[in-house]
> 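Have a look at this one before I ask anything.
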Amino acid sequence: MPNYDLHCHSTASDGLLAPAELVRRAAGNGVDILALTDHDEICGLAEARAQAQALGLRFIDGVEVSITWGGTTIHVVGLNLDPDDQQLQHGLHAIRQGRAERAKKMAEDLARAGIPGSLEGAYAYVENPNLIGRTHFARFLAEKRYVSDVKSAFQQYLVSGKPGYVPHQWATLEEALGYIKAGGGIAVLAHPGRYKLTRAEMRKFLGEFKDGGGAGIEVITSSHTPEQFLEYAILAREFGFLASRGSDFHGPGESRVDLGKLPDLAADLKPIWHDW
Ligand code: AMP
Ligand code: MN
Ligand code: MN
Ligand code: MN
């Protein structure tokens with residue numbers, strides 16, 4: 001089976017490597033087909049594609065769209081889309097709009113908790129000024145030793161009920177599916193095991209996602225345990241979803257799973273790439 005990695009991040013969002021560096025690392029790791037899926041942003045795709053072409057690696061244009069569904073933040077990956085599509089570009093632009101304001105509020109909340117200077121501190125990690133996110137704050141908190149590492153920052157801060165958390169309204173499911181469809185892409189639910197949804201809520205979401213045109217779910221992702229590989233394979237079969245595989249790599253030393261270093265999809269699952 002060729003090595004597909006269909007989920008990762010560059011400095012165009014909250015990854016640590018520039019798009020071209022990311023592609024070189026993927027090639028070095030034996031990835032055959034790579035999708036770059038930055039959060040709400042496609043400005044890294046051209047650089048990544050050029051580097052992939054130079055290295056003879058197949059490249060898939062992608063994005064990871066933030067949505068709010070019933071109060072829960074959910075991520076939907078769009079794959080094989082046209083980055084020049086105007087409707088897609090405008091939609092993603094609209095989703096990015098709220099990030100700067102949210103960051104200001106996050107910094108104010110951290111300041112109230114006794115942590116000054118986090119806005120400037122977070123922006124020091126931002127390459128794309130349109131895309132400040134929680135990861136940039138997490139890096140600042142780790143740098144200043146408020147926490148031991150980025151992962152711990154998401155346990156003690158930046159999440160619901162902790163300092164630095166600011167609830168945010170992202171796109172609706174319908175909007176996200178509409179943007180991906182406008183760009184001719186295919187919609188995949190990112191890391192389904194990560195959401196704090198009950199089984200019943202997850203099934204409700206999967207039904208709505210499917211009815212709205214969602215085609216696949218990530219079964220093999222760094223967010224899943226081996227038990228969850230099985231659990232989401234079962235749901236993919238039951239709902240008739242195509243199955244995807246992606247590391248969600250953000251950077252060396254920060255991500256547990258490196259580009260392309262994932263188990264294979266179960267042989268009976270229909271892969272998202274079956275007709276590529
Ligand atoms: P944002 O879109 O700004 O809310 O940031 C979401 C990003 O934060 C995710 O894509 C991850 O990169 C990161 N993140 C969220 N939760 C965690 C966690 N528990 N550990 C590490 N990174 C996390
Ligand atoms: Mn991220
Ligand atoms: Mn995600
Ligand atoms: Mn991701």
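Computation of the quantities below employed the complete heavy-atom set of this structure, encompassing side-chain atoms and omitting hydrogens, waters and symmetry-equivalent molecules. Order of listing sets the numbers, starting from 1, for every ligand and every atom in it.
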> Quick one: list whatever passes side-chain contact (heavy atoms from CB on, under 4.5 Å) with E21, sequence neighbours left out.
L17, A18, R24

> Roughly how far, to the nearest 0.5 Å, is CD1 of I180 from CG of L92?
8.5 Å

> Would you say S13's side chain and D38's backbone share a donor-acceptor pair under 3.5 angstrom?
no

> Of the protein's non-hydrogen atoms, which lies at the shortest distance from atom 2 (O) of ligand 1, and what is that distance?
R99 NH2, 3.0 Å

> Would you say V159 ends up clustered with I67 if hydrophobic residues are merged whenever their side chains have heavy atoms under 4.5 Å apart, either directly or through other cluster members?
no

> Does M106 share a hydrophobic cluster with I95, counting links as ILVMFWY side-chain heavy atoms below 4.5 Å and allowing steps through other members?
no

> Considering heavy atoms of the protein only, find what lies nearest to atom 16 (N) of ligand 1 and give residue, atom and distance to 0.1 Å.
F154 CD2, 3.4 Å

> Out of I132, D149, V150, T135, whose heavy atom is nearest to atom 11 (C) of ligand 1?
T135

> Begin with the C-alpha distance, continue with both residues' side-chain angles, and end with the deciding distance and a verdict on side-chain hydrogen bond (donor to acceptor under 3.5 Å, both in side chains) for N130 and E41.
CA-CA 9 Å; N130 299 318; E41 179 60 277; 4.7 Å; no

> Which protein heavy atom lies closest to atom 4 (O) of ligand 1, and at what distance to 0.1 Å?
R102 NH2, 2.6 Å

> List every atom of ligand 1 that sits less than 4.0 Å from any heavy atom of D14, numbering the atoms from 1 in the order shown and giving each element.
7 (C), 10 (O), 12 (O)

> Does H250 bring an N, O or S atom to under 2.8 Å of the Mn ion (ligand 2)?
yes

> When you check the gap from the basic side-chain N to the acidic O, do D14 and R139 get nearer than 4.0 Å?
no

> Only N/O/S atoms count here: what is the atom of D14 closest to the Mn ion (ligand 2) called?
OD2

> Can we call the ring centroids of F241 and F209 under 6.0 Å apart?
yes

> Distance under 4.0 Å to a non-hydrogen atom of G133: what atoms of ligand 1 satisfy this?
3 (O)

> Give the contacting part of E64 toward ligand 1: side chain, backbone, both or neither, where contact means a heavy-atom distance below 4.0 Å.
neither

> Would you compute the distance between atom CG of L34 and atom CG of L6 and round it to the nearest 0.5 angstrom?
8.0 Å

> Which ligand 1 atoms does H250 reach within 4.0 Å, using its non-hydrogen atoms?
10 (O), 12 (O)

> With heavy atoms under 4.0 Å as the rule, classify the contact between Q155 and ligand 1 as side chain, backbone, both or neither.
neither

> Identify the protein heavy atom lying closest to atom 6 (C) of ligand 1, giving its residue, its atom name and the separation to 0.1 Å.
R134 NH2, 3.7 Å

> Assign the ring pair H39 / H250 to parallel, tilted or perpendicular, where the plane angle (0 to 90°) is split at 30° and 60°.
tilted

> Suppose the cut-off is 2.8 Å; which protein N/O/S atoms would you list for the Mn ion (ligand 3)?
E64 OE2, H75 ND1, H191 NE2

> Return the CG to CH2 distance between L197 and W69, rounded to the nearest 0.5 Å.
6.0 Å

> Take a 6.0 Å sphere around NZ of K210 and say whether it holds more than 12 heavy atoms from other residues, nucleotides or ligands.
yes

> Only heavy atoms count here, so choose which of H168, R194, H9, H136 is nearest to atom 9 (C) of ligand 1.
R194

